[in-house]
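Here the structure is laid out as structure tokens; the discussion comes afterwards.
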Amino acid sequence: MQLKKNKFIAGEDRRKAEALLEKMTFQEKLGQLVLVCGYGEAHPDQIRKGLIGGFLMLYGVDKTNEIQKIALEESRLGIPMIFGFDVIHGFRTMFPIPLATAASWDMKRIRQAESIAAREAYAAGINWIYAPMVDLCREPRWGRIAECAGEDPFLGCCVAQARVEGFQTVNPETGYFYTGACFKHYAGYGLSEGGRDYETTDISERTLHGEYMKPYQAAVNAGAVSAMSSFNCLNGEPVSGSRRYLTDILRGDYGFEGFVVSDWDSVMELIHHRVAADRKDAARIGMRAGCDMDMNSRVYIENLEELVNEDPSLLDAINESVVRILTVKYKLGLFDNPYRAADGEKIFVNPEFRAVARDVSAHSMVLLKNENQALPLRKEKKYLVTGPLADAVGENLGMWSFTGEEKDVVNFLSAFQKEKVRYEYIKGCHFDGDDQSEFEKAKRLAGECDGILYVCGEPHGWSGEARSRVDIDLPPIQNQYLELLASAGKPIVSVVMTGRPLACTKLDALSDAVLLAWHAGIEAGPAVCDCLFGRHNPCGKLPATFPRATGQIPIFYSKLSSGRPDTNVHNRYVDCPPTPLYPFGHGLSYAEFVYSDLRIENAVPASNGVLHVSVQVKNNSAVDGYEVVQVYFKDIVSTYATPDRKLCDFEKVFVPANSSVSVSFDIPCERFALMTPELKEIVEPGDFLLYVGGSSQAETVAEFRVEK
Ligand code: BGC
């Protein structure tokens, strides 16, 4: 995987924006900083006066065209509106949740899904998307882990780039992007303490800059036109009021030229953080920090005039913010192409998009366990289909799916019915509570079948914003029901729908096979059946560790070694094994892949050079399959502690049955860098190990040396 630098270059668009600024009154300038939620009675008049710059949570071309017409034809300068929306995993064609698509490790498919999301959003009048969410997260109690790409910085960077490129697909008819991306939540929001949403964050500068900041940088490098400032504090500074983060680092160090929008009310919330005395103080701090646009709270429009009267130097900051916002409006072509076709929405959920959704869903699913050849299913057998989510419809849509429609969903039960396999169905239990009224009947039905398909997990409302959990196992009733099913003595295949990693240790122990389906969108049912019946050979790999117990959190594969690394003796829990339930990068296949001939072509590259690596991957089975070939490195001795393993490259390859492919990697040595306590990234000359394989526990290893 190569990370690109396609940075957004403001260039000519910025010159146009500066020229327009010259014509604007002070009030019109403030208007550009205002982002309003919804459309009310007072708004047409405010638009005419130039007092609103954009809307969020508003879509549908009738509305957006009507508003745009007022802005263009009835306001003095005719500046178009920007319409923003949270298109987190599809607009009408709902794809799997972002954590799931990250599990595909498939940048082509991720780009394709986001491009469809952008095209549908565009057709609905939206031109600005509040995604990708690129917060690195090692805290599965936090419900918003569902929105991100998991725990690893390198995977996070690749996914950030692919999503930005997908949203910012160029519309061939106009030459402009369908939509502008807004990466979020800059910075460090995924560190919310205790997994409680909006909570403070506390982290070493070394880990912050060496790991957590990387995906934001990747989004900047991929050319994202905007960024959203986060709710949390870093070093006691709420980021939405931090000049250090929003200006010095984001613009100074990373070279970001787009604009920053606050998160919902996050400038006003500086008051709740108690770094601002009141709304006026909050507006001053936010504007001084470089937070260009105020989402919802209106503290800028209410207070900036008075603040400029008190301190005229603030006008420079306001002018700069206005220019940045207008630059993006030019960049997105809103001046040239402000209206959307009335019939554009006919592209929604068309057969082509649906086919992509099914394919992306199947590629996102992870086969966590498969013993006793429980999978693939056999058509001649009879199955008991059961569990709280087997007949669920809306749950498949996942969190952040306001624009998704239940009528578009093909759920598991209806897809399974089309398979022409004999089956019995009983729900058996709800996802929570203590109703056991169907237990006995379920046990009897299980006895009459050859195998059990248990569709369990979390409802979609248990992940997403403000949806933290204190215990990330399945709710007790689901484990009790599984125990009852297990007592029937039939093979159990569990299909798990979830928005987060689960500590589903009992489920693992009692199931012969476990397929992780996530919340997989409108084609969830067909995609699960494709995996279960082997039409699609599962190939997803976990983007985040699954713990055995909630109490193991934080648990992630790339931690630093301790002084007493023997986890059986020292660094251990007395009541739980030290290992995860399923490690990062884990995911099985119906094929069997064997790695050999790991070669490092230039075993001694320079620290600014490239390491050339190749490996043979053999498919020792009679079925075709995709394998995500993962490359990890270990710096054997370094001045500062480094992880035992760290992902530095990967490639998803197709390996036909009974054949081999050679996979090569050109890994820039800068990926072997460590961060010093002074926050300098350096590649220390010395010896390294390289591990290549199908998970973070890859065993094929070779040694190389980096020279000065
Ligand atoms: C969320 C953002 C979202 C915004 C607008 C906030 O509460 O944190 O992720 O983009 O609302 O909907």
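For ligands, and for the atoms within them, numbers begin at 1 and follow the listed sequence. In what follows, residues are counted from 1 in the order of the sequence shown.
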* If you measure only the distance, is there a donor-acceptor pair under 3.5 Å linking the side chains of Asp263 and Tyr186? ->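 The criterion, which ignores hydrogens and geometry beyond distance, is not satisfied for Tyr186 and Asp263.
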
Number the atoms of ligand 1 from 1 as they appear, then name those within less than 4.0 Å of a heavy atom of [X], with their elements.
| X | value |
| --- | --- |
| Met57 | 12 (O) |
| Met228 | 2 (C), 10 (O) |
| Asp263 | 1 (C), 2 (C), 3 (C), 4 (C), 6 (C), 7 (O), 8 (O), 11 (O) |
| Leu56 | 5 (C) |
| Phe231 | 7 (O), 8 (O) |
| Glu465 | 1 (C), 6 (C), 7 (O), 8 (O) |

Quick check: does [X] get an N/O under 3.5 Å from an N/O on ligand 1?
| X | answer |
| --- | --- |
| Asp86 | yes |
| Lys184 | yes |
| Trp264 | no |

Should [X] and [Y] count as an ion pair when the cut-off is N to O under 4.0 Å?
| X | Y | value |
| --- | --- | --- |
| Arg138 | Glu211 | yes |
| Arg298 | Asp294 | no |
| Asp408 | Arg92 | yes |
| Arg244 | Glu237 | no |

* **ligand 1-proximal atoms of Arg144, by part, heavy-atom distance under 4.0 Å** =>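 Just the side chain.
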
* Asked: Quick one: does ligand 1 sit under 4.0 Å from the side chain of Met133, the backbone, both or neither, non-hydrogen atoms only?
  ->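 It is neither part, as no heavy atom is under 4.0 Å.
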
* To do: For Phe85 and ligand 1, answer yes if some heavy atom of the residue is under 4.0 Å from a ligand atom, otherwise no.
  =>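 In this structure, Phe85 fails to qualify as a contact of ligand 1 - no heavy atom is under 4.0 Å.
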
* Roughly how far, to the nearest 0.5 Å, is CG of Asp432 from CD of Glu458? ->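 CG of Asp432 is found 10.5 Å from CD of Glu458.
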
* With Glu320, which of Lys29, Arg14, Arg288 fulfils salt bridge (Lys or Arg N to Asp or Glu O under 4.0 Å)? ->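 Exactly one candidate clears the test, Arg14.
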
* To do: Please answer whether the main-chain N or O of Gly194 pairs with a side-chain N or O of Glu199 as donor and acceptor at a distance below 3.5 Å.
  =>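 Answer holds: no.
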
* **Nearest non-hydrogen protein atom, atom 9 (O) of ligand 1** =>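 In this structure, atom 9 (O) of ligand 1 has His185 NE2, 2.6 Å as its nearest protein heavy atom.
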
* **Centroid-centroid under 6.0 Å between Trp264 and Tyr198 rings** =>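 When the ring centroids of Trp264 and Tyr198 are compared, they turn out to be at least 6.0 Å apart.
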
